[in-house]
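In what follows, a single structure is set out as structure tokens and then discussed.
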Amino acid sequence: MNLATFPWLTTVILFPLVASAAIPLIPDPDGKGRPIRWYALTIGLINFVMLVYGFYTQYDISSAEMQLVERYDWIPQIGLQWSVGADGLSMSLILLTGFITTLAILASWPVTFKPRLFYFLILAMYGGQIAVFAVQDLLVFFLAWELELLPVYLLLSIWGGYKRQYAATKFILYTAGSSLFILVAALAMAFFGDVVTFDMRSLMAKDYPLTFQLLVYAAFLIAYAVKLPIVPLHTWLPDAHGEATAPVHMLLAGILLKMGGYAMIRMNVEMLPDAHAKFAPALIILGVVNIIYAALTSFAQRNLKRKIAYSSISHMGFVLIGIACFTDLGMSGAVLQMVSHGLIGASLFFLVGATYDRTHTLILEEMGGVGQQMPKIFAMFTACSMASLALPGMSGFVAELMVFVGFATSDAYSFSFRLIVVCLAAIGVILTPIYLLSMLREIFYGNENKELTSHEALIDAEPREVFIIACLLIPIIGIGLYPKIMTQVYDVKTSQLIARIRTSVPSLVQTTATVPVDQTVLAPTAMQAPELKLS
Amino acid sequence: MESLYQYAWLIPVLPLAGAMILGLGLISFNQATNTLRRPSATFIVSMLGGAMALSFAILWSQVQGHEPYLVTFEWAAAGNFHLNMGYTIDHLTSMMLVVVTTVAFLVMVYTDGYMAHDPGYVRFYAYLSLFSFSMLGLVMSPNLVQIYIFWELVGMCSYLLVGFWFDRKPAAAAAQKAFVTNRVGDFGLLLGILGLFWATNSFEFDIIGIRLQELIASGALSATLVSIFAILVFLGPVAKSAQFPLHVWLPDAMEGPTPISALIHAATMVAAGVFLIARMFPVFADIPTVMTVIAWTGALTALLGASIAMTQNDIKKGLAYSTISQLGYMVMAMGIGAYSAGLFHLMTHAYFKAMLFLGSGSVIHGMEDVVGHDPALAQDMRLMGGLRKYMPATAITFLIGCLAISGIPPFAGFWSKDEILGAAFEANPALWFIGWATAGITAFYMFRMYFSTFEGEFRGNQQELRTQIKQLSLPAFGPGAMDPHELEAHDSHEHGHHASEPHESPITMTLPLMVLAVPSLAIGLLGTPFANYFEGFVYAPGEPVPDIAEIAAEFEWSEFLPMAGSSIGIALIGITLASLMYISRKIDAGAIASQIRPLYEFSLNKWYLDDFYDRVFVRGCRRLARQVLEVDYNVVDGVVNFTGFVAVISGEGLKYFENGRAQFYALIVFFAVLGFVILSV
């Protein structure tokens with residue numbers, strides 16, 4: 001078989017879906033699902049390996065174009081095509097999806113209730129998630145987006161906590177309701193002009209008038225604001241996250257939130273640049289509100305899962321600011337923040353789940369002093385919290401720094417606006433450690449908790465759990481130490497994107513020349529030995 | 001020689017490798033690693049020993065006149081933005097490397113004795129090694145971003161180490177307070193870095209300095225704005241070096257084990273702020289407003305620290321406030337442009353204060369035999385006294401430290417402090433006066449500490465005094481920090497008999513004390529005004545190389561003697577007062593305290609700053625967060641739930657109108673799309 005023509009993306013989308021159909025055939029003698037989970041894990045691993053192999057052999061990171069493109073007519077009568085492809089933006093998130101979903105399967109070990117259905121849904125999600133990031137046809141995108149909701153709804157409503165029905169219903173109402181806007185906007189774009197098409201590239205090439213752009217932009221924005229989420233459309237998230245089990249949690253925080261950010265860059269920014277130029281200041285303000293508002297609510301939360309859920313919302317604020325700052329660095333930071341939060345959020349939610357498995361409570365007042373019995377979980381929790389509060393040397397710091405520098409040096413906004421926004425966003429830098437460290441203090445520090453140890457066996461982390469966290473921490477620290485390993489995947493793409501949208505911002509055309517950039521200073525100066533100032 | 005510089009990256013990497021190996025061992029083979037106590041410690045100490053040897057070699061080569069050295073590689077890039085990382089070695093770095101590695105090495109040796117019975121012995125070494133890595137990386141950083149990275153890392157290590165005994169609630173609170181207070185400073189530092197980058201497009205110290213001057217000269221940038229950026233950057237050192245008003249975390253950080261207090265909270269990390277000011281000197285030096293702010297912050301902090309230290313009864317807290325005060329001197333020196341003097345004081349202070357802290361640790365170690373493992377009792381000076389008989393080595397080294405910090409010649413502190421005071425006198429006599437008065441207070445409280453600890457009668461066996469102190473100590477721990485039940489819990493854990501007399505600490509603890517006594521005694525001689533070798537080596541960037549002989553030729557006894565005489569004089573007054581109060585008891589300290597009750601209370605309550613912060617910031621932040629959450633729950637989510645409720649009600653009514661077929665929904669969507677297109681065309 002020719003590697004270059006092998007349909008890598010279609011395969012990685014369909015393989016888990018097909019494989020999940022075989023789950024009912026697997027014998028499960030004791031009803032606890034041991035063979036099924038091994039099966040699911042194997043499928044997940046094979047898919048991830050295929051994904052990485054395809055990326056490694058077929059993907060050229062120095063190109064900003066769509067790669068691994070496949071096109072098949074699906075329903076030619078309405079111009080529907082199965083077309084998939086990946087550029088830097090898609091590729092990094094597809095890789096993240098494969099990684100997190102495989103780990104989530106490994107994290108599902110404690111699930112023993114209806115294992116067949118559970119793993120079926122997880123594998124179905126696997127394919128569906130990749131499809132969202134890979135499809136290049138707006139209608140198929142909408143279908144994939146909708147199909148994605150179904151497994152999540154079931155996973156929430158069957159395996160959730162006490163209020164699972166409420167949370168699941170709220171989730172489905174919110175997201176399904178908002179995705180109608182995607183359909184409306186997609187149809188409007190498709191029928192605009194002479195050619196009816198859903199192909200994203202052709203849609204991008206169309207020349208829309210500004211009013212139309214603004215309307216479509218707003219429709220997309222509402223849909224993606226629910227997903228990302230943006231305050232005030234966020235209230236489904238704490239409920240959904242508060243009730244989900246750990247593996248579902250990892251998928252929700254690790255991947256589903258990123259769909260909002262991805263789609264916003266793909267559609268709002270790439271297809272509707274003129275409208276983006278108009279909307280960008282609003283995005284910045286929403287981003288700042290996200291950061292501060294969610295950090296404060298997180299601080300006041302007494303429920304561990306909801307606390308972390310709000311911290312996710314807070315971190316997504318940086319994505320918004322990054323998207324809207326019209327600089328390479330900011331956009332690059334936004335993508336990195338998505339990848340980084342995917343890893344960090346997944347690890348924190350996994351640890352919350354692991355802690356809950358032992359303490360069987362999520363209320364902070366009932367915990368405390370469990371550090372002595374569970375030193376390994378304590379250590380891992382500390383490490384992941386540090387990653388979340390953007391400790392340098394970990395990925396979150398790099399992403400936030402890139403957004404900060406990108407925005408501070410952006411020439412699209414007035415100086416005072418930038419000053420205020422940067423100051424406010426930096427308040428988040430103070431608030432994040434406040435809620436994360438007091439959370440750690442309340443869970444782990446203090447004397448042995450007699451009330452809890454009397455009826456719960458607090459066993460320390462098992463090797464499987466250490467392994468999962470290690471898998472997540474390695475890329476977190478890797479990116480933190482040397483961000484280029486991640487940024488190079490999508491760097492060309494974001495630069496191209498910024499170059500494209502900058503032409504639509506009228507104020508930028510004149511002012512770009514005024515910023516003096518001394519290339520001799522900023523250029524890479526590798527190993528320039530005895531050369532320094534003092535003398 | 002060149003290869004020495006090419007491998008200089010090993011200096012931070014060696015301790016990092018040690019920390020990582022131990023950390024991996026603790027996570028994967030916890031029990032096995034915890035039984036290998038001595039081997040682990042030896043491994044970590046030898047890794048740091050290697051780094052120390054390299055540091056000395058580099059210092060030697062720099063003293064010989066080797067060129068500064070810089071290595072960078074591209075770390076992050078996006079579009080035309082490139083950010084490099086790497087390491088730089090110049091005179092300042094090489095001096096800092098030696099200071100950090102020597103103190104860290106001795107502290108690690110000391111730790112073996114101090115933490116001998118602690119179950120977290122191996123973990124402690126791993127943290128210590130991680131801290132050494134971060135601190136060494138900090139001093140080798142070539143640009144602001146890298147400094148910021150390591151700046152945060154040392155903060156994290158401090159957090160981990162202050163909260164080392166995580167079964168103690170006050171330790172957890174102190175660790176969090178330290179981290180969050182430092183984050184407030186980092187907030188400023190980050191904004192300052194961003195502002196300076198925006199203005200100059202560079203993260204490198206001297207390039208920023210040059211470009212800023214150009215921009216101000218050409219009028220492209222207002223001087224006010226530049227001052228704001230620079231002051232924001234200065235907020236970083238304010239938090240890290242415990243300057244007013246962000247000093248409140250340092251005394252609480254004494255909850256950590258004593259070796260940490262010596263290494264992080266006296267000798268190295270807290271000095272990082274002064275180091276950053278030194279690095280930013282090319283930027284700060286040309287902005288007079290900023291220099292004034294720095295100088296006065298330093299002076300105020302020096303006075304504040306000393307005035308609070310006078311009334312502390314906890315030996316470690318007393319030393320902590322003394323550290324705050326001494327850091328104030330350094331910052332003040334930087335602010336008046338006395339670059340070399342400030343760094344010289346940094347170096348001498350690192351040695352004598354590390355020794356004092358380790359000495360206090362030795363005292364606590366001895367006291368614990370008598371009063372048990374209770375920090376409230378073991379650290380209280382009212383229960384000590386007469387310890388010189390039992391712990392002679394500790395007593396002598398502590399006395400040397402006291403003499404050094406009080407500024408008695410020829411001990412180290414005299415030369416560095418006198419240089420600062422001399423410079424302050426030339427810059428602004430008011431600053432000099434504050435520094436001079438503080439020197440007197442310093443001598444007083446240090447000898448109050450020495451006399452009540454080592455002289456007189458041993459008071460540790462007086463049971464009523466113990467119970468009294470225990471009860472008194474409860475509120476003194478600060479708002480909400482200490483839960484009274486915890487003391488009871490501690491009591492119930494105590495077992496075995498206590499000795500009636502304290503004992504001298506083991507050799508691993510006294511040896512580092514004796515080694516540190518040497519620089520505390522003699523290192524000041526490097527910077528005497530007649531032969532200032534230190535200034536010949538570490539001098540402000542951009543200034544001509546000072547010629548030692550020239551400085552020595554300019555030296556005049558008639559200038560030196562009044563300055564030195566006045567500072568020795570006030571120090572002697574302080575010492576005499578302390579001896580009258582705490583040895584011969586000719587003056588009753590209690591009577592004086594009751595006569596100036598308001599002042600005494602003001603000092604005892606740390607100028608009421610902790611209460612103020614607690615009331616305004618801590619509780620204010622909590623209240624705000626709770627209100628936001630209520631809004632989120634009742635208003636934002638309430639609207640959603642209400643809409644859902646309305647939808648259910650109206651859905652009941654509407655269901656007679658709709659036919660529930662897909663066509664109907666399709667029709668709605670169709671009209672919506674049509675509306676879009678029509679509206680926009």
Side-chain angles (χ1 to χ4, degrees), chain A residues 183-184 187-188 191-192 209 211-212 215 232 235 293 296-297 299-301 328-329 332 371-372 376 379 386 391-393 398 404-405 408-409 422-423 426 429-430 433-434 437-438 441 444-447 466 483-484 487 491 495 516-518 521-528 530-534, chain B residues 27 67-82 84 88 90-91 148-149 152-153 156 163 166-167 169 172-173 176 179-180 183-184 186-187 190-191 194 197-198 201-202 206-207 486 489 541 621 624-626 628-629 632 636-637 640 644 669 672-673 676-677 679-681:
Chain A
L183 183 62
V184 171
L187 288 173
F191 288 105
F192 184 85
T211 342
F212 180 82
L215 279 170
T235 54
Y293 179 91
L296 282 173
T297 33
F299 181 43
Q301 269 295 343
D328 292 346
L329 204 56
S332 187
Q372 276 138 314
K376 282 183 196 169
M386 290 288 167
L391 188 81
V398 188
F404 268 122
V405 179
T409 53
V422 169
C423 285
V429 172
I430 303 179
I434 292 181
L437 295 186
S438 46
R441 179 169 54 82
F444 294 106
Y445 285 84
N447 269 324
V466 177
K484 274 177 90 175
T487 53
D491 209 20
S495 298
V517 179
D518 191 344
V521 180
L522 295 169
T525 44
M527 303 299 278
Q528 45 172 232
E531 187 273 322
L532 204 78
K533 29 282 171 162
L534 310 169
Chain B
I27 283 277
E67 288 282 301
Y69 189 84
L70 173 72
V71 178
T72 55
F73 63 90
E74 189 178 273
W75 185 67
N80 59 3
F81 170 87
H82 298 271
N84 293 336
T88 177
D90 54 11
H91 290 180
Y148 183 81
I149 290 176
E152 288 272 302
L153 284 180
M156 177 203 68
F166 55 81
D167 52 338
K169 278 243 167 71
Q176 191 186 339
F179 197 94
V180 173
R183 263 289 162 110
V184 176
D186 297 346
F187 161 81
L190 180 69
L191 291 180
L194 288 176
F197 180 74
W198 166 79
N201 231 317
S202 172
D206 39 1
I207 296 177
E486 250 169 81
C621 185
L624 179 67
R626 218 173 301 124
V628 172
L629 183 69
D632 191 66
V636 181
D637 205 30
V640 174
V669 170
V673 173
F676 262 52
V677 177
L679 257 174
S680 54
V681 172

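Here is how names work: the chains are called A, B, and so on, in the same order as the sequence lines, proteins then strands, and each is numbered from 1. Worth saying up front: this structure is predicted, and the values here are computed from it rather than measured.
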Query - Residues Tyr445(A) and Asp167(B): side-chain donor-acceptor under 3.5 angstrom - result: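 On atom types as modelled, these side chains do not qualify, holding no pair under 3.5 Å.
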Report task. Determine the option with the most heavy-atom pairs under 4.5 angstrom with chain B, choosing from Ser332(A), Cys423(A), Pro392(A), Ala426(A). Result ->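 Most heavy-atom pairs within the cutoff with chain B belong to Pro392(A).
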Query - Interatomic spacing from NZ in Lys484(A) to CZ in Phe73(B) - rounded to 0.5 Å - result: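 The distance works out to 10.0 Å.
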Query raised in the report: What distance do Leu437(A) atom CG and Phe179(B) atom CZ have between them, rounded to the nearest 0.5 Å?
Result: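 Rounded to the nearest 0.5 Å, the CG-CZ separation comes to 6.0 Å.
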Query raised in the report: Non-hydrogen atoms of chain A under 4.5 Å away: do they reach the side chain of Ile27(B), the backbone, both or neither?
Result: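 Both backbone and side chain of Ile27(B) come within 4.5 Å of chain A.
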Query raised in the report: Between Leu190(B) and chain A, which part of the residue has a heavy atom less than 4.5 Å away: side chain, backbone, both or neither?
Result: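 For Leu190(B), side-chain heavy atoms alone lie under 4.5 Å from chain A.
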Report task. With sequence neighbours excluded, tell me which residues meet side chain to side chain donor-acceptor pair (under 3.5 Å) with Gln176(B). Result ->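 So Gln176(B) forms a side chain to side chain donor-acceptor pair (under 3.5 Å) with Arg441(A).
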Requested in this report: Could you pull out all residues at least two apart from Ser438(A) that satisfy side chain to side chain donor-acceptor pair (under 3.5 Å)?
Outcome: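 Result, side chain to side chain donor-acceptor pair (under 3.5 Å) vs Ser438(A): none returned.
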Using every non-hydrogen atom in the two residues, find where [X] and [Y] come nearest and quote the distance to one decimal.
X         : Y         : result
Cys621(B) : Phe299(A) : SG-CE2, 4.0 Å
Leu296(A) : Ala625(B) : O-CB, 3.3 Å
Leu391(A) : Glu152(B) : CD1-O, 3.9 Å
Asp632(B) : Thr297(A) : CB-CG2, 3.8 Å

Query raised in the report: Of the backbone (N, CA, C, O) and the side chain (C-beta and beyond), which part of Val466(A) lies under 4.5 Å from a heavy atom of chain B, both, or neither?
Result: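 Val466(A) touches chain B through side-chain heavy atoms alone.
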Query raised in the report: Is it the backbone or the side chain of Ala379(A) that comes under 4.5 Å from a heavy atom of chain B, or both, or neither?
Result: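 Contact with chain B is through the side chain of Ala379(A) alone.
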Query raised in the report: Would you say the side-chain atoms of Arg183(B) pair up with the backbone N or O of Pro433(A), donor to acceptor, closer than 3.5 Å?
Result: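 Here the side-chain-to-backbone pair does not exist.
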Query raised in the report: Can you tell if the side chain of Val429(A) reaches within under 4.5 Å of the side chain of Asp186(B), non-hydrogen atoms only?
Result: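 They are not in side-chain contact.
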Query raised in the report: Going through the distances and angles, do Val422(A) and Trp198(B) end up as a side chain to side chain contact (heavy atoms under 4.5 Å, CB included)?
Result: CA-CA 12 Å; Val422(A) 169; Trp198(B) 166 79; over 6 Å; no
